[in-house]
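Following: one structure in structure tokens, then a few remarks.
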Number of protein chains: 2
Amino acid sequence: MVKQLSERLDATFAALADPTRRGMLATLAHGEATVSDLAAPYEMSLAAASKHVKKLENAGLVSREVKGRTHICRLDATVLREAHEWTERYQKFWAGRLDALEAALKTASLEKKLENLDNE
Amino acid sequence: MVKQLSERLDATFAALADPTRRGMLATLAHGEATVSDLAAPYEMSLAAASKHVKKLENAGLVSREVKGRTHICRLDATVLREAHEWTERYQKFWAGRLDALEAALKTASLEKKLENLDNE
DNA sequence: TCAATTGTCAACCATTTGGTTAAATATAAA
DNA sequence: TTTATATTTAACCAAATGGTTGACAATTGA
């Protein structure tokens with residue numbers, strides 16, 4: 001059952017809305033890590049950390065390979081890319097507004113110049 | 001009271017993790033809108049929509065100007081830019097750009113240092 | 001075989017979230 | 001002034017979240 005984009009964004013943004021989970025992703029940016037590795041920096045129980053990893057996995061941000069009794073986790077940035085693209089649209093919108101502002105200012109100064117020309 | 005980057009990311013990502021709120025931002029990308037305007041596309045009560053707007057505002061994604069009995073809302077992409085930059089670091093990692101990965105790790109450790117400084 | 005390690009699962013708890021309805025507030029219009 | 005409009009607030013509810021502890025399963029090492 002493949003989730004729709006909107007639902008994937010829900011899960012991705014929700015997964016990112018927690019400093020522990022963002023920290024785990026930062027750890028994974030260095031390379032693969034076990035659940036214990038990911039849990040190590042935090043004071044919470046392993047069970048709690050395990051839930052965070054599961055949430056990252058459910059969002060599709062992390063993939064897991066069970067190897068013996070350890071679970072090897074890796075960063076999977078596919079859904080993260082969707083989140084990045086979502087925010088990018090609004091960034092571009094904002095940049096566009098700023099461009100429009102620049103354009104407005106340019107037009108204003110151009111008008112002034114034209115007026116000055118008329119006065120010459 | 002200015003929030004730390006980490007807390008701003010918490011609030012921003014949490015605000016984005018809901019389709020109603022993302023829809024409201026999409027509406028605001030067309031231009032300013034009142035709370036009623038933002039609520040219109042949804043079946044929920046105005047009170048419920050009002051809470052969503054408040055959450056967007058608290059995250060800093062939306063600014064509000066009270067004008068008579070209406071509240072005019074506008075998109076404020078400042079914190080969105082932070083979220084965009086955060087996802088960008090990991091998205092670049094996924095794209096296999098090792099130089100970007102280095103930069104991401106540097107930024108991450110710098111971020112930690114800055115936050116540690118703030119905590120002292 | 002027995003003990004330690006890795007991790008999940010179940011049950012529980014407090015807090016947050018996202019919704020409701022009803023009442024309150026403030027402004028605008030008649 | 002009275003009424004209608006725009007919005008928030010309060011009280012409430014069910015479900016989700018983020019944590020705990022304790023038991024369990026699987027694997028590894030002694």
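Keep in mind the model is a prediction, meaning the values are calculated, not measured. Naming: A, B, ... by sequence-line order, numbering from 1 per chain.
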Kindly state which residues belonging to residues 10-23 of chain A come within less than 4.0 angstrom of DNA chain D, counting heavy atoms of the residue only, listed by number.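 Those residues are A/Asp18, A/Arg21.
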Touch check for A/Ser45, heavy atoms < 4.0 angstrom, all strands: base, sugar-phosphate only, or nothing?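 Base contact - A/Ser45 has a heavy atom under 4.0 Å of at least one base atom.
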Under 4.0 Å, counting only non-hydrogen atoms across every strand here, what does B/Lys51 touch: a base, just sugar-phosphate, or nothing?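 Touches a base.
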side-chain contact (heavy atoms from CB on, under 4.5 Å) between B/Leu25 and A/Trp86: does it pass, once the steps are laid out? CA-CA 11 Å; B/Leu25 293 180; A/Trp86 193 93; 3.8 Å; yes
In whole Å, what is the span from the [atom1] atom of [X] to the [atom2] atom of [N]?
X       : N      : atom1 : atom2 : answer
A/Glu65 : D/dT27 : CD    : P     : 14 Å
A/Tyr42 : D/dG18 : OH    : P     : 14 Å
B/Met44 : D/dA14 : CE    : C1'   : 16 Å

Residues, nucleotides or ligands: over 12 heavy atoms within 6.0 Å of A/Gln4 CD: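 Counting neighbours around CD of A/Gln4, 12 or fewer heavy atoms of other residues, nucleotides or ligands fall under 6.0 Å, so no.
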Taking CD in B/Glu43 as the centre, count heavy atoms belonging to other residues, nucleotides or ligands within less than 6.0 Å. Is the count above 12?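 Incorrect, the count does not exceed 12.
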B/Glu57 or A/Lys67: which one's nearest nucleotide on DNA chain D is closer to the 5' end?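 Residue closer to the 5' terminus by nearest nucleotide: B/Glu57.
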Map B/Val53 and A/Leu46 onto DNA chain D by nearest heavy atom, then report which one ends up closer to the 5' terminus.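 Going by which nucleotide is closer to the 5' end, it is B/Val53.
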Any ion pair linking B/Glu85 and B/Arg81 (charged N to carboxylate O, less than 4.0 Å)?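 Salt bridge present between B/Arg81 and B/Glu85.
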To the nearest 0.5 Å, what is the distance between CZ on A/Arg69 and OG1 on A/Thr34?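 Reported to 0.5 Å precision, the distance equals 11.5 Å.
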Distance, nearest 0.5 Å, that separates CD of B/Glu88 from CG of A/Leu80: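 These two atoms lie 10.5 Å from each other.
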Span of DNA chain C in contact with chain B (heavy atoms, under 4.0 Å):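 Extent of the interface on DNA chain C: C/dT17 to C/dA28.
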I want to confirm an ordering. Mapping B/Ala48 and A/Arg64 to their closest nucleotides on DNA chain C, which one lands closer to the 5' end?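 That would be A/Arg64.
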Do the side chains of B/Ile72 and B/Leu61 join up, straight or via other hydrophobic residues, at under 4.5 Å, putting them in one cluster?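 No.
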Go through the N and O atoms of the side chain of B/Arg69 and the base of D/dT7, and report whether any donor-acceptor pair is under 3.5 Å.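 There is none.
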Option from A/Asp18, A/Leu38, A/Val35, A/Asp37 for which side chain to side chain contact (heavy atoms under 4.5 Å, CB included) with A/Met24 holds: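 It is A/Leu38; the other options fail the test.
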Report yes if the side chains of B/Leu5 and B/Arg8 come closer than 4.5 Å at any heavy-atom pair, otherwise no.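 Sidechains of B/Arg8 and B/Leu5: in contact.
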